[in-house]
Amino acid sequence: MKLSEYREIIRPRLSDYRYRHCVNVAQQARHLAELYGADPQKAETAGILHDIMKDTDPEEQLSVIQEAGIMLSEIEKSSHKLWHAISGAAFVKMRLGIVDEDILKAIRYHTTGRAGMSLLEKIIFIADFTSAERDFDGAAELKKLVEKDLRQAILEGLCYTIRDLAGRRKTIHPDALAAYNEILLHS
Ligand SMILES: [Fe+2]
Ligand SMILES: [Fe+2]
């Protein structure tokens, strides 16, 4: 399928803000793929689809997760914000027939990251932070950083997530901590 077809699929499922975000993430993902040597088309596809379930009712998300035979961990059950990544990957596999494991994983892990991320997964993780409309504290610096140092930018993204969650006394998914530790220890 082409980008324009995926746009049509996500449009009615998302708010205006979220739709714009997905278009921007797709564009940033393509740019970063060209910059760092990943497949630009896969990056664009994963980018446009990464938040496909973000505005979907939690109950419906859970039923997609269940249909895919996925068991949520205790932390995943407690953190509703993680559901859209899990249900999103399941949805595009089951309903859109996407079979590329790299694209599926990029969607699945875009919120937490994980140890052993592929280049495509890293690009989607950080494109989500650095898309054009992002304006959180430090967004401008992160957009600059990702142009010259992918590793450092991902580390900053993970720090932002971990700090934010700890600051709000929320649980932190072990995949996020594993991604953070791996960067410090092995790259
Ligand atoms: Fe997301
Ligand atoms: Fe997103």
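As the structure lists them, so they are numbered: ligands from 1, and atoms in each ligand from 1. Quick note: residue numbers are just sequence positions, from 1. Only heavy atoms go into these numbers, but all of them, side chains included; no hydrogens, no water, no symmetry mates.
- Ion pairing between E121 and R114 holds under the 4.0 Å rule for side-chain N and carboxylate O.
- Checked against the Fe ion (ligand 1), the N, O or S atom of D51 at the shortest distance is OD1.
- A salt bridge does not link D16 to R20: none of the charged nitrogens lies less than 4.0 Å from a carboxylate oxygen.
- With 2.8 Å as the limit, H110 does not count as an N, O or S neighbour of the Fe ion (ligand 2).
- E34 has a carboxylate O that lies under 4.0 Å from a charged side-chain N of R30, or vice versa, which qualifies the two as a salt bridge.
- For a distance bound of 2.8 Å, the N, O or S atoms of H50 include one lying that close to the Fe ion (ligand 2).
- Within a 6.0 Å sphere centred on NZ of K93, heavy atoms belonging to other residues, nucleotides or ligands number 12 at most.
- Taking the Fe ion (ligand 2) as reference, D128 places its N/O/S atom OD1 nearest.
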